[in-house]
Protein chains: 2
Amino acid sequence: MSVTIKDVAKKAKVAPSTVSRVISDSPRISQQTKEKVRLAMTELGYHPNYHARSLVNQSTRTLGVIMPSSPKGAFQNPFFSEVLRGITAKASVDKFGLYLSTGQSDDEIYDDVQQMVFSRRIDGIILLYSKMNDRIIPFLLKEKFPFVLVGRPADQFHEQVYYVNNDNFKAAKMVTEYLLLLGHKRIGFIGGELDQIVTVDHQRGYESALEHSDISVNKKYLIYNNEGVLEDSQESLIELMAHKPSPTALVVADDLMALSVLRLLNEMGLRVPEDMSIVSFNNIMLSQLTLPPLTTVDIHIYELGFIGTEKLINMINQKEQENETIIPYRFIKRQTCKKQNI
Amino acid sequence: MSVTIKDVAKKAKVAPSTVSRVISDSPRISQQTKEKVRLAMTELGYHPNYHARSLVNQSTRTLGVIMPSSPKGAFQNPFFSEVLRGITAKASVDKFGLYLSTGQSDDEIYDDVQQMVFSRRIDGIILLYSKMNDRIIPFLLKEKFPFVLVGRPADQFHEQVYYVNNDNFKAAKMVTEYLLLLGHKRIGFIGGELDQIVTVDHQRGYESALEHSDISVNKKYLIYNNEGVLEDSQESLIELMAHKPSPTALVVADDLMALSVLRLLNEMGLRVPEDMSIVSFNNIMLSQLTLPPLTTVDIHIYELGFIGTEKLINMINQKEQENETIIPYRFIKRQTCKKQNI
DNA sequence: TTGTATGCGTTATCAA
DNA sequence: TTGATAACGCATACAA
């Protein structure tokens, strides 16, 4: 069908192996024949066949990207577009291709992963989420397949998996301390999904800060956002606010959730930051567009993706490296926090 | 290295070709040997090699997805996450894989496309944007490579390319007429990038509505959002508003831009919708979270992706179909428009 | 410096 | 119903 290495060989009057060597620019081929072969290649419009190459090389130069299941709405979060931007950028400079998981449920995603590794379609995997009790990480570990996690693995895998993460514990502790410093005593916590590691870290940071200030953690002030990003959190927030005395400040796991909170508080007739202070996480583009603009923690999502990909490529190339990389965060003070009068 | 069809054959004491037939569940193999072979497969942990298959089948069962260049920020728009969700969903049910472009500039993206088609890595392409004077569509057409466009092709390719789109002309005309009906006479237009087809359609719809009401188009009321989604549009908007008499209503190409507009108007001390009415497009999740929630046009982004993928798969399977599919839009009235007193 | 031959893991054609 | 064998397009060990 399409033009192969043999056609080029014939045209250039050399052996196929010679053509192959010209393609890889082997030094053991004379300049003369190189030019001759290259001429034949362009004249015939030759392009190497990817599958034939991968088959013989046992390497694909493509990376698998595993997204969380999309119906839950997680994918709607700009977080993922932004990591993907970082991944894409690094993959591009190192000439790696990207293969995307398409599974719609946890089971399907697990199947995707199995398919990818068993069919030898990809050289490594970049995992965009980490949940408790997930089967993917144990599987990858068992298969000794190169992969990098964006996020932190559960404790039992701590030593074995390579990952990029923020210090979410410290970040959450810091923002809580900030609210404490502003004079807030009743601080609520709105976390992400309960089975995600990042939620655990956030909560521990939050609790740690309170304990250091000798404020006991009020369970009524803790809520989680279990399904998607919107509906559920609204209900929980109403419950939270109904509990008197209600908090004067909120630590919110995600800018998008913060936006949702902003909207609900507005409906309740509460003003931010006058009646309620809010700190959230991520610093997605949108967080500077809200009214008022969000005080948030920039976790450098793009870097998370970029560095994660770099780590993965290093693994594939058998380069020695630390198994953990912590991306620093940065506190972005905007207009959702205010000193609380005691 | 890994277990192949030959290993299975040996273990089951049959020929490799028999194993192959068992894999494809050929009817000409006895139930007995099928079971024998399948047993051997699971015992050895056999999994077919993707590249070997693709090589001999001349088919890859994977689709290439071409994103716009990301540095421009276009990728940050939830629009793309949402089409991707639709694409992913359809690809998943039909067991197609997804291969992502990684190019960071128009040139790199063009190279990506060339690579993908020449290296025979994918069976078809789904193009997520359409610009004037882009080289990609002519290239794909020349190569007779199956592809589907999300959006509308430039007029000269109208007959030849398969695409899914909204009737953006009609939608823009409709929202403008709506503003007219509310009594607005001075209506501004904030479009997307000038070289995108959708921007042209929006603007033509907007102008058509004005002309039908015998209102002449004021060039000073027209601005475009050329770089990314934020900074640039803010400046242009300031210019627009500085021009007296300033508009009382705005047609904005995109919810994200509308959010940006909302923020700027707020800084200027103008209230929405009391001092300014706004209609935008897309109905991304966020548009119901803004203050006030956006009156917008739901263009059914997810369907755009889903149906686009369906069309592409049909093409690959040589199924007859219309070359154009128009996804209906729906006007979502929320709280950014108000009757204008004359 | 170049050519010959073989293998990568499948599928498919042709015999048996 | 099954087996032997030739492709698919390329890379490389070994010869020359």
*Asks:* Rounded to the nearest angstrom, tell me the gap between atom NZ in Lys10(A) and atom P in dG9(D).
*Replies:*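 Rounding to the nearest Å, NZ of Lys10(A) and P of dG9(D) are 12 Å apart.
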
*Asks:* Can we say Asp107(B) and Arg135(B) salt-bridge, meaning some charged N sits less than 4.0 Å from an Asp/Glu carboxylate O?
*Replies:* yes

*Asks:* Which listed nucleotide (dC8(D), dG9(C), dT11(C)) is nearest to the side chain of Gln58(B)?
*Replies:* dC8(D)

*Asks:* Describe the nucleic acid contact of Thr4(A) in one word from base, sugar-phosphate, nothing, applying a heavy-atom distance below 4.0 Å.
*Replies:*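 Sugar-phosphate, no base atom in range.
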
*Asks:* Without decimals, in angstroms, what is the distance between Glu35(A) CD and dT1(C) C1'?
*Replies:*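 Taking CD of Glu35(A) and C1' of dT1(C), I get 16 Å after rounding.
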
*Asks:* With sequence neighbours excluded, give me every salt bridge (charged side-chain N to carboxylate O under 4.0 Å, His left out) pair touching residues 301-317 of chain B.
*Replies:*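 Pairs touching residues 301-317 of chain B that pass the test: Lys90(B)-Glu310(B).
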
*Asks:* Would you find a donor on one side and an acceptor on the other, under 3.5 Å apart, between the side chain of Asp134(A) and the backbone of Ile136(A)?
*Replies:*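 Pair found, side chain donor or acceptor close to backbone of Ile136(A).
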
*Asks:* Are Arg85(A) and Glu82(A) ion-paired here, with the side-chain N under 4.0 Å from a carboxylate O?
*Replies:* yes

*Asks:* To the nearest 10°, let me know how far the axis at one end of the helix from dT1(C)-dA16(D) to dA16(C)-dT1(D) is tilted from the axis at the other, five pairs an end.
*Replies:*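 About 40° separates the two local helix axes.
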
*Asks:* Measure the distance from CG on Leu55(A) to P on dT12(D) and round it to the nearest whole Å.
*Replies:*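 It works out to 13 Å between those atoms.
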
*Asks:* Between Ser119(A) (side chain) and Gln115(A) (backbone), is there a donor-acceptor pair under 3.5 Å?
*Replies:*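 Side chain of Ser119(A) to backbone of Gln115(A): a pair is present.
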
*Asks:* Looking at Val56(B), Ile5(B), Val8(B), Ile29(B), which hits side chain to side chain contact (heavy atoms under 4.5 Å, CB included) with Ser20(B)?
*Replies:* Ile5(B)

*Asks:* Measure the distance from CG on Leu44(B) to P on dG9(C) and round it to the nearest whole Å.
*Replies:*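 Atom CG in Leu44(B) sits about 14 Å away from atom P in dG9(C).
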
*Asks:* Considering residues at least two apart in sequence or located in another chain, which fulfil the ring pair (Phe, Tyr, Trp, His ring centres under 6.0 Å) criterion with Phe118(A)?
*Replies:* Phe139(A), His47(B)

*Asks:* Using atom CZ of Arg53(B) as one end and atom C1' of dA7(D) as the other, report the distance to the nearest whole Å.
*Replies:* 17 Å

*Asks:* Does Phe147(B) have any ring pair (Phe, Tyr, Trp, His ring centres under 6.0 Å) partners at least two apart in sequence or in another chain, and if so, which?
*Replies:* none

*Asks:* Tell me: CG of Asp25(A) to C1' of dA11(D), nearest whole Å?
*Replies:*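 Distance check: Asp25(A) CG to dA11(D) C1' gives 15 Å.
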
*Asks:* Measure all distances between protein nitrogen or oxygen atoms and nitrogen or oxygen atoms of nucleotides 1-3 of chain D, and list the pairs falling under 3.5 Å.
*Replies:*
residue : atom : partner  : partner atom : Å
dT2(D)  : OP1  : Ser30(B) : OG           : 3.1
dT2(D)  : OP1  : Thr33(B) : OG1          : 3.3
dT2(D)  : OP2  : Ser30(B) : N            : 2.8
dT2(D)  : OP2  : Ser30(B) : OG           : 3.4
dT2(D)  : OP2  : Thr33(B) : OG1          : 2.8
dT2(D)  : O4   : Arg28(B) : NH2          : 3.4
dG3(D)  : OP2  : Ala15(B) : N            : 2.9
dG3(D)  : OP2  : Thr18(B) : OG1          : 2.4
dG3(D)  : N7   : Ser17(B) : OG           : 3.4
dG3(D)  : N7   : Arg21(B) : NH2          : 2.7
dG3(D)  : O6   : Arg21(B) : NH1          : 3.3
dG3(D)  : O6   : Arg21(B) : NH2          : 2.9

*Asks:* Measure the distance from NZ on Lys6(B) to C1' on dG7(C) and round it to the nearest whole Å.
*Replies:* 8 Å

*Asks:* Name the nucleic acid region contacted by Tyr50(A), choosing base, sugar-phosphate or nothing; use a 4.0 angstrom heavy-atom cut-off, strictly under.
*Replies:*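 Answer is nothing: Tyr50(A) stays at 4.0 Å or more from every strand.
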
*Asks:* dT11(C), dC8(C), dA11(D): which one has an atom nearest the side-chain heavy atoms of Val56(B)?
*Replies:*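 That would be dT11(C).
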
*Asks:* Arg121(A) CZ to dG9(C) C1': how many Å, rounded?
*Replies:*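 Atom CZ in Arg121(A) sits about 16 Å away from atom C1' in dG9(C).
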
*Asks:* Quick one: which residue pairs count as a side-chain hydrogen bond (donor to acceptor under 3.5 Å, both in side chains) with a foot in residues 144-157 of chain B, not counting sequence neighbours?
*Replies:*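 side-chain hydrogen bond (donor to acceptor under 3.5 Å, both in side chains) check on residues 144-157 of chain B returns Arg152(B)-Asp155(B), Arg152(B)-Asp201(B).
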
